[in-house]
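Note: hydrogens, waters and symmetry copies are ignored here, and every other heavy atom, side chains too, is used. Chain letters run A, B, ... following the sequence lines, proteins first, then strands; residues in each count from 1.
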Protein chains: 2
Amino acid sequence: MAKRRKVGNMLGLAVLATVYAKPMHPYEMASFLRERGKDRDMRIKWGSLYTVVGNLEKHGFLARAETVRDGGHPERTVYRITDAGREELKDWLRELIAVPEREQPKFEAALSVCGVLGPDEVTSLLRQRLAALDTEIAEEREALTRYTREVPRLFLIEAEYDLAIREAEAAWTRSFLDELTTGSFPDLMTWRNWYETGQTPPEIAELAERGGGTTS
Amino acid sequence: MAKRRKVGNMLGLAVLATVYAKPMHPYEMASFLRERGKDRDMRIKWGSLYTVVGNLEKHGFLARAETVRDGGHPERTVYRITDAGREELKDWLRELIAVPEREQPKFEAALSVCGVLGPDEVTSLLRQRLAALDTEIAEEREALTRYTREVPRLFLIEAEYDLAIREAEAAWTRSFLDELTTGSFPDLMTWRNWYETGQTPPEIAELAERGGGTTS
DNA sequence: GGGTTAATACTCGTCTACGAGTACCCGTAC
DNA sequence: GTACGGGTACTCGTAGACGAGTATTAACCC
């Protein structure tokens, strides 16, 4: 695993990438990102923005370019990227792209303990999830084809990727649901029984006894 | 969006699910989770465990069952789940399953700014990523078929899901790489030029001017 | 031209996550 | 019998993330 970053917040990446082109003050960065729709990928947290910019400066990735007072607004500090900053941005990007990392997957965590709900309820919840996914996918796809006409694809890669992953999620959910509804899921009976009676079935108790061994 | 949880850390979910079956003290929960290999899905942070358990207690989801001193170890506080805790667990699970949520996707963030690296470097990085993904997939698949023989599938759903998603990631990467290497990616020239000369090409500058509009 | 709203550009304090450290006990090996 | 390596069970300090608040100006309306 790579050395830990001086600034770990993803907002830092966005900031570096934004300032890469031209010096800006924090608020301008935010507006820029918002306009570009990057706040879809990554919601901008106001509190974090200033902290992150401050940290980037502290570690020498950004430098104060000037402090202007125009119009009469409160002072704005304009930052420019440093050579170290450019290096950090590239290095960080290289790592992010080359090394696939398991992100904290909430849904997976939920699946791993979904036994505490009964199979019927899980089925209906999954149906809701699937419906939501399908809607989002349709919207995204529509937006994507719309933009493809006006924006170079280079700027849409992440949307394409996102769409592909969503579709995979939906496909998996659909096939799992199918197993649950047709009853071809093998442990359905055990599960239902366990849920309804609250009794831990013997084969599971036994597994719990044995424990361990799963770490190879 | 759902009401924010009193305890938001995913470790809380794991704790609730663990204590659901039988009262335990924190360290025991951790060992239990570790044995079950849940620490693969969700790395256990020692500092967080006690904080999270404390918070769960504060909000009435856990209660102190007893404080035992056995052997002479420092005192261990055994916690049991309360009715409110059981409710919270179920409610939380329902939300996690029914509502698909965009998690902070680092790779996507990286893709969205990958223009600052040249196309050739991105290609080679993606190749590394793909290789890593393929290895992981092979391992996971092997592990999955191995366990399928000894553990009910009910306990392997999250692994199956994970595998499916990984495969989709790999497939997408492969197809994108393909476009890059065969040169069928439309903006390749622009990109390379931009990177090598550092010049913002006119069509992009124009886009930057127009800005906005992407928020519908 | 006074008042209301919206946008700009931050600041501050809270709350949480986490990692490194601590203290204690047990087995065992010499 | 005592030195020490390792497991157990936890504590605490710090850094970071974040949301809500604030102050100033521009814009608009009657």
Interatomic distance, [X] [atom1] vs [N] [atom2] [rounded to whole Å]:
X       : N      : atom1 : atom2 : answer
B:Arg76 : D:dG7  : CZ    : C1'   : 13 Å
B:Tyr79 : D:dC10 : OH    : C1'   : 11 Å
B:Met29 : D:dA9  : CE    : C1'   : 12 Å
B:Leu11 : C:dT16 : CG    : C1'   : 13 Å

So, using side chain to side chain donor-acceptor pair (under 3.5 Å) as the criterion, who are the partners of [X] when residues are at least two apart?
X        : result
A:Glu169 : none
A:Arg86  : none
A:Arg80  : none

Query raised in the report: Under 4.0 Å between a side-chain N/O of A:His25 and OP1 or OP2 of C:dC10, yes or no?
Result: yes

Query - Under 4.0 angstrom between A:Tyr27 side-chain N/O and C:dC10 OP1 or OP2 - result: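 Answer is no, no contact under 4.0 Å.
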
Cut-off 3.5 Å, no hydrogens considered: what does the side-chain donor-acceptor table look like for residues 15-22 of chain A, sequence neighbours left out?
residue: A:Thr18; atom: OG1; partner: A:Ala14; partner atom: O; Å: 2.6
residue: A:Lys22; atom: NZ; partner: A:Glu28; partner atom: OE2; Å: 2.9

What side-chain donor-acceptor pairs closer than 3.5 Å can you find for residues 50-61 of chain A, not counting sequence neighbours?
residue: A:Thr51; atom: OG1; partner: A:Gly47; partner atom: O; Å: 2.9
residue: A:Glu57; atom: OE2; partner: A:Arg64; partner atom: NE; Å: 2.8

Query raised in the report: Is any side-chain N of the basic residue among A:Lys90 and B:Glu121 closer than 4.0 Å to the acidic one's carboxylate O?
Result: no

Report summary line: Reading nucleotides 16-21 of chain D from 5' to 3' and marking B where a protein heavy atom lies under 4.0 Å of the base, S where only the sugar-phosphate is that close, and - otherwise, the string is SSBB--

